[in-house]
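What follows is a short report on a single structure.
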Amino acid sequence: MTPTRARLAEIETKLDDGTPLSFDDGVWLYRTPDLCTLGALANRVRERKHGERTYFNVNFHINATNVCHADCKFCSFARLQPGMPQAYTMSLDDIRQKLVERRGQHVTEIHIVNGLHPELPWSYFKDTLRVLKAERPEIHLKAYTAVEIHDFARRYDMTYEQVLRELIDAGLGSMPGGGAEIFAERARRKLCRDKATAEQWLEVHRTAHRLGLRSNCTMLYGTVETLEERVDHMLRLRALQAETGGFQTFIPLSYHPEGNDLGKLPAPTGVDDLRTYAVARLMLDNIEHIKAYWVMLGVKTAQIALGFGADDIDGTVQEEKVYHMAGAETPQVLGRFELVRLIREAGRHAVERDTLYRVLWEDDGAPLPEIRVGASVPYSSGATPRGHLPLAGAEAQP
Amino acid sequence: MSTALRVLGVSFLNARPLVEPLRSDPPLGESGAPLFEVGEALPSACAAALAAGDCDVALVPVATLLDNPQWEVVPDVAIACRGAVQTVVVVAQRPLAALSRIHLDGASRSSALLLRVLLASQGLTPELVVAPHGEGASRVRADEGALVIGDAAFGLTGRFPHVVDLGAQWFHDTGMPMVFALWAARPGALQPEHTRALQQAKLRGRTRIEAYAADYAQARRARGELALPEADYARYLRHAIRYDLDAWEREGLAEYLTRARAVLGAAAEPEDDDVVHVHFADLGYAPLRRRSSGRALSLSQTLDKARAGERLELAEGLLLYDEADLLELGAAADARRAALHPDGVVTYIIDRNVNYTNVCTARCKFCNFYVPPSGKAHDQGAYVLSRETLTQKFRETEALGGIQILLQGGLNPALRLSWYEDLFRWTKTNFRLALHALSPTEIIHLAHLEQLDIREVLLRLRAAGMDSLPGGGAELLHDEIRNRISPFKNTTDEWLEVMRQAHAIGMRTTCTMVFGFQERGDHILTHLDRLRALQDESLAREGGGAFTAFITWPFQAEGTRLKLRDDTSAWRYLRIQALARLYLDNVPNLQVSWPTLGPEVGEVALRFGANDFGSVMIEENVVSQAGAHFMLTAADIEHHIRQAGFVPARRTMRYERLA
Ligand code: SF4
Ligand code: SF4
């Protein structure tokens with residue numbers, strides 16, 4: 001047996017026994033050139049957990065403001081002050097309007113993430129949730145990253161727990177996983193020294209889990225971090241999960257270089273994306289789901305990721321124009337049937353879920369209606385500038 | 001179940017080689033019962049009977065297909081001409097342009113339509129009046145001509161000072177053959193045995209031409225009619241009339257139908273903008289066998305075999321296509337790639353795709369690039385690139401370190417072989433660029449246009465500077481699919497023959513496959529199998545050329561007229577590419593198609609059997625008009641190659657590395 005085969009066999013045994021993989025295992029897996037074998041390992045774990053099931057949900061995003069006082073190097077909207085040309089802040093009525101214009105439409109979740117606005121009152125953030133709840137009480141609100149929660153606590157002089165309790169009262173259903181970036185201090189200092197630290201980010205989630213909230217977690221990769229730091233990041237998430245069990249989904253987010261201070265870095269690439277999905281699936285044995293965020297990856301890579309450990313492909317995203325700010329070329333929204341078709345073409349079984357992974361619909365294999373014959377879906381996402389604010393953009397004020 | 005199909009033939013002399021063998025030697029079906037029951041009528045009556053359901057199969061004038069696009073046409077059989085036909089003529093005392101009235105023949109609306117098409121192209125508008133069959137010639141006056149068709153036209157040549165042969169005139173106007181009649185059938189009537197029997201009847205009929213000519217002459221004499229010498233009739237059947245429906249005839253057919261539709265002023269054009277529908281009957285290609293050599297196949301054994309580089313049988317390839325997992329195929333293909341290219345180098349080339357003309361007669365349904373030579377799209381941006389434009393493109397290419405031009409275009413009847421020869425010589429004189437030029441489709445077109453052998457065309461083009469041949473125009477090498485998506489373009493055999501000839505004169509070529517036309521696994525495997533078989537043949541030849549590389553990509557449907565939906569996902573692409581690596585054991589290189597899939601998937605594809613990243617520059621209008629828009633620099637490509645874990649190197653078309 002070659003050393004490579006021996007190492008692989010060792011890792012396979014651990015996976016079969018349910019022994020968590022070590023830091024060294026993770027780094028070794030990251031470095032193996034044999035992409036398909038790595039994928040096959042991850043796929044075994046994925047299929048053991050979920051079979052052919054591949055989840056999606058029907059949601060839309062609101063970014064109520066892109067004003068932010070932080071200065072994250074990878075974020076195209078850092079340093080936006082109120083009143084700057086591209087800056088915007090929605091009024092509560094604008095926010096309500098987002099639902100009014102969708103009256104009668106099937107939506108199960110709203111994903112709300114904002115910049116760290118230096119001047120808005122605390123009530124604004126609670127009222128955001130209230131107006132949405134008043135309009136459509138049945139829709140789940142997944143709102144505010146740990147970075148924002150940390151910022152609220154600091155600015156309005158409250159504990160994380162107080163912030164979260166008040167938001168829960170206002171209608172908060174769960175928390176998105178953004179703002180984690182990369183935990184390693186060396187990289188974090190370079191990337192985003194003036195926002196929540198790794199410990200603070202983890203502490204917010206710990207608190208949220210204790211209060212009964214579920215949340216997601218993310219990792220930004222492809223900037224200045226090393227492979228070791230990626231594995232370290234995953235292990236810190238795994239440790240908190242072992243403690244609380246509150247994470248539902250891990251979402252790797254690849255860095256895209258356009259329009260920010262790190263522009264010189266080469267874009268992450270298909271192989272790196274797939275490797276990251278696979279390693280995440282193998283390392284994070286205690287997190288149920290791995291999400292391939294198709295808006296970011298492009299549908300083609302996202303589809304392939306379904307064979308490399310991912311079991312979730314995110315929502316059918318309806319607010320298309322946000323996504324092609326800063327150079328992303330292809331403005332399409334992936335319709336529900338396009339999404340189901342994509343999943344079928346990967347030999348998988350589509351399941352519509354709600355935010356908490358309750359099954360709402362399952363693919364019964366019935367023929368799908370033709371939506372747009374001959375239309376294609378995005379080949380590649382191009383660039384989506386993102387920080388903890390995945391969709392910030394110079395969207396004109398309504 | 002086997003009631004004979006009612007066939008209506010035509011009584012004209014030129015139809016005898018197609019119809020007589022059905023009578024003299026009635027084809028029998030598998031059950032031993034006759035396949036056909038044969039009757040005869042005038043051409044227009046044939047079409048009417050088929051439309052009315054009074055017969056199942058008829059020899060119909062081609063223009064009737066415009067109103068009956070659902071009819072199934074027997075492939076490879078026609079009554080056609082390449083130039084003078086002798087039996088469709090306008091006779092007059094003056095030139096055509098000086099006529100104020102032309103008497104038509106009541107027996108054939110289609111000849112009248114051909115006349116109208118030709119008049120329209122010259123801007124002539126004489127009055128057209130219908131005369132009873134056979135009487136037209138007697139009505140010729142000073143400025144009144146007559147259209148005379150069929151056997152009545154023989155022997156008129158010397159009697160009028162002006163005789164316009166419409167076959168010759170059409171050839172002069174368009175540079176293409178004229179197709180007059182085809183075997184058409186009501187949809188569903190033809191079983192493969194019928195189609196084959198009609199094709200075989202043609203082959204037999206052609207061997208009996210002298211006998212038909214003699215019979216015909218005798219019969220005329222017996223009726224007291226004027227008859228030409230038998231040898232004249234035989235010469236007519238042998239040389240004026242052509243009974244094959246080659247790629248060139250199909251081009252002429254498409255062109256004629258387009259012009260005829262314009263002349264008829266068909267208001268209601270089909271919504272898909274496809275003015276020409278011809279539906280060829282399938283030949284009932286035998287589906288591939290699921291097992292070979294009488295033993296059951298096991299997936300894991302087949303994968304092991306593939307990974308070890310052993311030759312796969314068709315049935316084994318099909319098993320992998322149907323059942324192997326994406327990652328199993330990928331790992332096996334990656335192992336094959338590593339065995340064939342153990343140094344871990346992935347190559348790419350700097351070249352530029354130049355489409356020298358978009359005028360094309362072939363009208364492939366999947367193509368949104370072409371403009372037909374005539375018809376309503378005539379002024380919709382038809383172009384032939386000028387030397388100035390080419391100079392600019394070639395200069396830019398050289399400036400960017402490019403070493404080659406991939407030169408392809410439509411089938412433009414206005415561009416003769418000498419045009420290409422001049423272009424190639426000019427390129428070689430002025431630039432240091434290799435010419436990877438002209439797909440088999442274009443070579444076939446040129447061979448027809450110049451009435452030369454394929455080999456001759458290739459030799460002349462090579463002498464002028466052509467270095468190698470790209471593998472375009474293959475799409476799916478299975479006529480069942482081709483009949484559906486590109487009925488007028490070259491067949492599988494025609495495409496392969498060009499490659500065979502190119503290899504035989506020592507030329508390197510590439511080969512391609514486009515999927516996503518709702519093909520089945522056995523279509524794909526047949527395609528790969530035929531490439532592999534040809535490559536075996538070529539490699540066995542001393543000093544011959546061969547395929548250097550294979551490239552596959554999914555069909556880009558956006559903006560084309562082909563209204564179909566198929567799996568063209570990245571997932572399927574990776575599976576098919578990996579399968580190709582395993583099956584095409586004798587083609588050394590596999591190129592990813594990042595222009596259609598994006599560089600991310602292109603990079604991943606390097607771990608699914610490919611060892612080449614293709615070309616830096618993209619300017620292939622045929623693809624880019626259908627929705628793929630990517631540009632990569634050499635640095636980008638090298639980045640992607642490194643990301644996949646390989647060492648990048650530039651290469652030539654022959655896959656020689658550049659320092
Ligand atoms: S990533 Fe978030 S916190 Fe950082 S600058 Fe961007 S919006 Fe502000
Ligand atoms: S694919 Fe080629 S042969 Fe077919 S219509 Fe287009 S240009 Fe012509």
Q) Between B:Arg575 and B:Tyr321, is there a donor-acceptor pair closer than 3.5 Å when you use the side chain of the first and the backbone of the second? A) yes
Q | Partner of B:Thr347 under side-chain hydrogen bond (donor to acceptor under 3.5 Å, both in side chains), chosen from B:Asn611, B:Asn589, B:Asp612 | A | B:Asp612
Q. Between B:Asp567 and chain A, which part of the residue has a heavy atom less than 4.5 Å away: side chain, backbone, both or neither?
A. both
Q: Could you check whether the rings of B:Phe555 and B:Phe366 sit parallel, tilted or perpendicular, using 30° and 60° as the cut-offs?
A: perpendicular
Q) Given that the side chain runs from C-beta out, which part of B:Phe608 has a heavy atom under 4.5 Å from chain A: side chain, backbone, both or neither? A) side chain
Q: Pick one of side chain, backbone, both or neither for A:Leu274, based on which atoms fall under 4.5 Å of a heavy atom in chain B.
A: side chain
Q: Specify whether B:Tyr573 and B:Phe515 have parallel, tilted or perpendicular ring planes, treating 30° as the upper limit for parallel and 60° as the lower limit for perpendicular.
A: parallel
Q. Can you say whether the rings of A:His289 and A:His50 are parallel (under 30°), tilted (30 to 60°) or perpendicular (over 60°)?
A. parallel
Q | Partners meeting ring-ring contact (aromatic ring centres under 6.0 Å, His included) with B:His279 (sequence neighbours left out) | A | none
Q. Can a salt bridge be assigned to the pair A:Asp25 and A:Lys14 using a cut-off of 4.0 Å between side-chain N and carboxylate O?
A. yes
Q: Could you tell me which portion of B:Leu329 (side chain, backbone, both or neither) has an atom closer than 4.5 angstrom to a non-hydrogen atom of chain A?
A: neither
Q: Answer yes when A:Asp285 and A:Lys49 have at least one side-chain N-carboxylate O distance shorter than 4.0 Å, and no when they do not.
A: no
Q) Going by residue number, which parts of residues 38-47 of chain A are within reach of chain B, meaning a heavy-atom gap below 4.5 Å? A) A:Gly39, A:Ala40, A:Asn43
**Q.** No-hydrogen, no-angle side-chain donor-acceptor test under 3.5 Å, A:Tyr30 and A:Arg230
**A.** yes
Q.
Under 4.5 Å from any heavy atom of chain B, what part of A:Arg275 do you find: side chain, backbone, both or neither?
A. side chain
**Q.** Interchain contact, B:Asp566 with chain A, by part (heavy-atom threshold 4.5 Å)
**A.** backbone
